[in-house]
2 protein chains.
Amino acid sequence: MPRASVDRTDTRQRLVDAAAELAHQQGFHRTTLADVAQRSGVPLGNVYYYFKTKEALGEALIERLSTMFTMAREVWESHADPRARLGAFIQSTVENSKVVAERGCSVGTLCTDLRKGDSPLLEHASTLFTNLLKWLESQFRSLGKGPESRDLALHLLSAVQGASLLAQTFKDPRYLLRETRRLKEWVQSV
Amino acid sequence: MPRASVDRTDTRQRLVDAAAELAHQQGFHRTTLADVAQRSGVPLGNVYYYFKTKEALGEALIERLSTMFTMAREVWESHADPRARLGAFIQSTVENSKVVAERGCSVGTLCTDLRKGDSPLLEHASTLFTNLLKWLESQFRSLGKGPESRDLALHLLSAVQGASLLAQTFKDPRYLLRETRRLKEWVQSV
DNA sequence: GTCTATATGTGGATAGAC
DNA sequence: GTCTATCCACATATAGAC
């Protein structure tokens, strides 16, 4: 009994992982189910056993990003000091700068893609940013920033997202590294 | 003789205008030549008389954005003070906030789209950002910021681009307005 | 649960009449 | 220069054998 159940989970997970990687590289809309099937080593028709539609696969993909955010947040919260937590958040982007220069931010580019396609998935995907903004805001509040914390969170996320977009456009991680250096100093001094 | 020549120019321009608007709304990749033809009131086959390929239409679209940048820059430079010029740059985004919340930044979303598609057009499109960064940098240099000007330009553009992305994601211009207010204060105090 | 074959629709591009 | 008809490739989705 565990056998079949485990295999099912494995195959399903492989499909979601492949979809996530391909969507990050090529965009969700450009990624075909044939691409996903091939990378997962699964015949095309089989994809529909696990996901009735491409949109259903998209939902699973967003869930996966949500899980990854939760894990990253735990790492950031391993620091006690809110300033160090914000620094750890920025550091995550630094460590990802090569990938970001190649494919952009996985969440930012996904939301842009979904918005252009007017996809109902955007509603779900945008909660990823909402949750991140809430977390950033709570760190600034812990620093005693009060009501301004909301705008400070927005400023930090905007700068990271914009720098990611530029690094991606110029295919050069240094744009992201230059901006994150500035942001780290800003977090320490704010 | 002027007749035919004028008509040709008109039709061609209508196609580029339609392509620009549709690409901004739906993304360049999702925009079909049939869409462009219909909005221009031109039969599909006719598009190929003016543009051999979709990519050629894309080039014309980028040229159009380049022209619009030049015009915007002239407005910004109607101010003598560099700080006022930077303020005018930010103000352009404020005035565009409703459109940006609906479709994103026309340049930023285009570059993301082209990068995901690994399009050769990205090389051309990225010069739009290069030119904007150069202009911003020269304003900071006029303020006596020296070598740091390059990073200051990057910071300003990053913040605007990131805020545009978030406003677009949440379909709410207020994200952009909150961040531009902060940026205007920053430009005055920097 | 797994796989092949295919229906259905769409998009870039071309041919060729007018 | 303008327009219709169409080719060809590909993408989502389904049918149905195994």
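Chain A is the first sequence line, chain B the second, and so forth, proteins listed ahead of strands; every chain is numbered from 1.
Contact between the side-chain N/O atoms of Y48(A) and the OP1/OP2 oxygens of dT14(D) is not found at any separation under 4.0 Å. When the side-chain nitrogen and oxygen atoms of Y50(A) are compared with OP1 and OP2 of dT2(C), one or more of them lie within a distance under 4.0 Å.
Screening residues 95-106 of chain A for side chain to side chain donor-acceptor pair (under 3.5 Å), with sequence neighbours left out, gives Q91(A)-E95(A). Identified under the ring pair (Phe, Tyr, Trp, His ring centres under 6.0 Å) test for residues 61-96 of chain B, with sequence neighbours left out: W76(B)-F89(B), W76(B)-W135(B). Listed by first and then second residue, the side chain to side chain donor-acceptor pair (under 3.5 Å) pairs that reach into residues 64-73 of chain A are D17(A)-R64(A), sequence neighbours excluded.
Here V99(A) sits alone; no ILVMFWY side chain lies under 4.5 Å from its own, so it joins no hydrophobic cluster.
Near DNA chain D, meaning a heavy atom under 4.0 Å from it, residues 110-125 of chain A has no residue at all. Residues from residues 27-35 of chain A with heavy atoms under 4.0 angstrom of DNA chain D, sorted by number: T31(A), T32(A), L33(A).
Straight-line distance from the CD atom of Q26(A) to the P atom of dC10(D): 14 Å, rounded to whole Å. We find that CG of L15(A) is positioned 13 Å from P of dG1(C), with the value rounded to whole Å. In this structure, OH of Y49(A) is placed 10 Å from C1' of dT2(C), rounded to the nearest angstrom. Here the C1' atom of nucleotide dA5(C) and the CG atom of N46(A) are 15 Å apart, to the nearest Å. Spacing between atom CG of L44(A) and atom C1' of dA15(D) amounts to 13 Å, rounded to whole angstrom units. Between the NZ atom of K54(A) and the C1' atom of dC10(D) there is a distance of 12 Å, given to the nearest Å. Atom CG in D10(B) sits about 12 Å away from atom P in dG1(D), given to the nearest Å.
A donor-acceptor contact shorter than 3.5 Å links the side chain of S119(A) to the backbone of L121(A). In this structure, R115(A) contributes its side chain and K171(B) its backbone to no donor-acceptor pair below 3.5 Å.
Listed by chain and residue number, H124(A) satisfy the side chain to side chain donor-acceptor pair (under 3.5 Å) test with E59(A) (two or more places apart in sequence, or in another chain). With sequence neighbours excluded, no residue forms a side chain to side chain donor-acceptor pair (under 3.5 Å) with T127(B).
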Enumerate, atom names and distances included, each donor-acceptor pair closer than 3.5 Å involving a side-chain atom of residues 173-182 of chain A, sequence neighbours excluded.
from, atom 1, to, atom 2, distance (Å)
R174(A), NE, D172(A), OD1, 3.1
R174(A), NE, D172(A), OD2, 3.2
R174(A), NH2, D172(A), OD2, 2.9
R178(A), NE, D151(B), OD1, 2.7
R178(A), NH2, R150(B), O, 3.3
R178(A), NH2, D151(B), OD1, 3.2
E179(A), OE1, H155(B), ND1, 3.4
E179(A), OE2, H155(B), ND1, 2.6
T180(A), OG1, L176(A), O, 2.9
T180(A), OG1, L177(A), O, 3.0
R182(A), NH2, E148(B), OE2, 2.8

